[in-house]
Amino acid sequence: MLDPKLLNKSFDETVANLQKKKVSADLLAQLKDLYLVNKGFKLDLETAQAYQNDKSKLFQKLAKNSEELNNLKLDLANNKNKIAELTEKVRDSEINLEKLLHTIPNITSNDVPFGNDENDNVLLENILEPRIFHFEPKAHYELGENNNWLDFERGAKLAKSRFTVIKGLGARLERALINFMLDHNREYGFDEVSVPIITNSKSLFGTGQLPKFEEDLFKIEGEDLYLIPTSEVTLTNIFNDEIINIDQLPIKMTAVTPCFRKEAGSGGRDIRGIIRQHQFYKVELVAITKQEDSDDILEKMIECSSSMLTKLGLPHRKMLLCGGDMGFSARKTVDIEVWLPSQNKYREISSVSNTGDFQARRANIRYRDGKNNKLAHTLNGSSLAVGRTLVAIMENYQQADGSIEIPEILKKYL
RNA sequence: GGACAGAUGGGUGAGCGGUUGAAACCGCACGCCUGGAACGCGUGUGUAGGGAAACUUACCGAGGGUUCGAAUCCCUCUCUGUCCGCCA
């Protein structure tokens, strides 16, 4: 959540910054007005409350049925009505303020470039050269069916389209990848955590999925519960409404969970194969840090994910996202894209973001720094989407005869 | 799912409808004591908002209600514990 004080104290700067994320200046001006109106009502309310509190103390001193007491009663009855009115006004103005505030994305870090979409992202680094094929490389869905790893029809039969049954060596490879990734992350200092994959609206609000992106989530009927779209939600919210002791920071966690996404609005994109599914495993990294440490830890998380691809021998590149391509909660995001020979291009396989205090303000995650409680910084990153890694291995390690070689490092996990 | 019990500050735990934002103890911080420490003694120590400050408002699981005044009374909900049921 945006700090509403920013609108009051440095309005122009904030407007300029949020232009990167396509937030209009009008909207922010409106937000500032709402903030000031609400503040005014609050002040009036507090004054009336102070009056009521103060005068109520006199009741113990005044004689029963005295004229003074009766007058006071009348006076306070009036004041009470006034309080009720003002309470209403404060509440209404607050609802209006929050409704708008909750839909404003995070401000971006200064080094985030302007831009509209993925074409304006900035290449940071290429790692490993794509292999040269002496035959026409097949798409993973073709390889998957030929090798009897991927069964799309049965997946659709069991649930619907965008669900897939993974079988045989494909299934074992998926599990091997998960184990390999978790071990790798532990070497980078991330403690393994096992979290619920169902979560409530409060947690989803905390990390920014709600209220704006409800249509992307699978909701449990009749309950305030949703399937998680990423374990970022449950990992980060482990600490919601808590004050963390500073010597526990940074907290670095990793988890594997299935993730569930409705993919509303993704239209016909990636309809073939397992690139875009309603359910997929993802190994996640989450860090909770001191304010001054988050930039460094972002770099380490990017390195953690990138080196994992290097170990797997998969060519990839790091892209600094432009404002227009960034997510709602992010202050700075670096995507890692893996080479897919069949598409002859790089596709997102990991996204690592520093959200600054945006999620911490929503989820109320703080740490004690001496006498002060400060909002923590939270970061998250896919330490690779498992399904997409499987895709990348299939395509990059395919042989002329249609078989798939197993990356050396995974052999001990099979 | 059924029955009962409970929810108070960093922790344990008192709280009568009005000097209780909250006793006491523990913890923590600082000071004194000491060569240094322990012990002991003293002082301080919740969160959030507003304000330059003085100060002020809200918060005792959450939300409502009664009252001039609610941690305290009433209602609803949530969670936790115990017992029963059901189970991986």
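For clarity, every value in this text was computed on a predicted model and none was experimentally measured. Throughout, a chain's letter reflects where its sequence line sits, starting with A, and its residues are numbered from 1.
With hydrogens and angles ignored, the 3.5 Å screen pairs no side-chain donor or acceptor of A:N148 with any backbone N or O of A:G170. Looking only at distances, a side-chain donor or acceptor of A:N79 sits under 3.5 Å from a matching main-chain atom of A:A48. No donor-acceptor pair closer than 3.5 Å links the side chain of A:S403 to the backbone N or O of A:Q399.
For the strand RNA chain B, secondary-structure stems (runs of at least three Watson-Crick or G-U pairs, all distances below 3.5 Å) span B:1-7 with B:78-84, B:10-12 with B:24-26, B:27-32 with B:40-45, B:46-50 with B:55-59, B:61-65 with B:73-77.
Rounded to a whole Å, the CZ atom of A:R366 is 13 Å from the C1' atom of B:G49. When the P atom of B:U47 is taken as reference, atom CG of A:D241 falls 15 Å away, rounded to whole Å. Separating the CG atom of A:L36 from the P atom of B:G49 is a distance of 17 Å, rounded to the nearest angstrom. If you measure from atom CD1 of A:I243 to atom P of B:G27, you get 21 Å, rounded to the nearest angstrom. Regarding A:L86, its CG atom lies at a distance of 15 Å from the C1' atom of B:G50, rounded to whole Å. Rounding to whole angstrom units, CG of residue A:D224 and C1' of B:A62 are separated by 13 Å. A:D44 has its CG atom 13 Å from the C1' atom of B:U57, to the nearest Å. Between A:D3 atom CG and B:G49 atom C1' the separation is 12 Å, expressed in whole Å.
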Given A:F260 and A:Y226, is the ring pair (Phe, Tyr, Trp, His ring centres under 6.0 Å) satisfied, shown in steps?
-> CA-CA 9 Å; A:F260 302 91; A:Y226 300 78; over 10 Å; no
Residue pair A:S294, A:T289: steps toward the side chain to side chain donor-acceptor pair (under 3.5 Å) verdict = CA-CA 6 Å; A:S294 63; A:T289 75; 4.5 Å; no
List the steps, then state whether side chain to side chain donor-acceptor pair (under 3.5 Å) holds for A:T254 with A:E192.
-> CA-CA 5 Å; A:T254 185; A:E192 189 172 338; over 6 Å; no
For side chain to side chain donor-acceptor pair (under 3.5 Å), just list the numbers for A:T108 and A:N17, CA-CA rounded to whole Å, side-chain angles, deciding distance to a tenth of an Å, and then say yes or no.
-> CA-CA 7 Å; A:T108 57; A:N17 185 299; 3.1 Å; yes
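When the P atom is used for both B:A70 and B:G63, the distance is 15 Å, rounded to whole Å. B:A22 sits 12 Å from B:A71 when the P atoms are compared, rounded to a whole Å. Rounded to a whole angstrom, the distance from the C1' atom of B:G61 to that of B:G9 is 14 Å. Taking atom P in both B:U72 and B:A7, the straight-line distance is 12 Å, to the nearest Å. Taking the P atom of each, B:C16 and B:G10 are spaced 23 Å apart, rounded to whole Å. Spacing between B:C4 and B:C77 at atom P, rounded to whole Å, works out to 14 Å. Between the P atoms of B:G18 and B:C74, the separation comes to 16 Å (whole Å). Taking atom P on both nucleotides, B:A38 is separated from B:A48 by 31 Å, rounded to a whole Å.
Nearest to the side chain of A:R368, among B:U47, B:A58, B:U67, sits B:U47. Nearest to the side-chain atoms of A:S56 among the listed nucleotides B:C68, B:U47, B:U57 stands B:C68. Of the candidate nucleotides B:U47, B:G50, B:G64, B:G50 has the atom nearest to the side chain of A:K5. Relative to the side chain of A:R91, the nucleotides B:G50, B:U57, B:G64 differ in distance, and B:G64 lies closest.
Aromatic pair A:F328/A:F213: centroids less than 6.0 angstrom apart.
When the shell of 6.0 Å around NZ of A:K262 is examined, it contains more than 12 heavy atoms from other residues, nucleotides or ligands.
As judged by a 4.0 angstrom heavy-atom cut-off over every strand, A:N373 is placed among residues touching the sugar-phosphate backbone only. Contact annotation for A:Y367: no contact, since no heavy-atom pair falls under 4.0 Å across all strands. At a threshold of 4.0 angstrom between heavy atoms, the contacts of A:N79 with the nucleic acid are absent. Residue contacts for A:K39: at a heavy-atom cut-off of 4.0 Å it reaches the sugar-phosphate backbone alone, with no base atom in range.
Take the nearest nucleotide of RNA chain B for A:L76 and for A:D54: the residue whose nucleotide is more 5' is A:D54. Where A:L72 and A:T47 meet RNA chain B, the nucleotide closest to each residue was compared, and A:T47 sits on the side nearer the 5' end.
Between B:U57 and A:N53, a contact under 4.0 Å exists linking OP1 or OP2 to a side-chain N or O.
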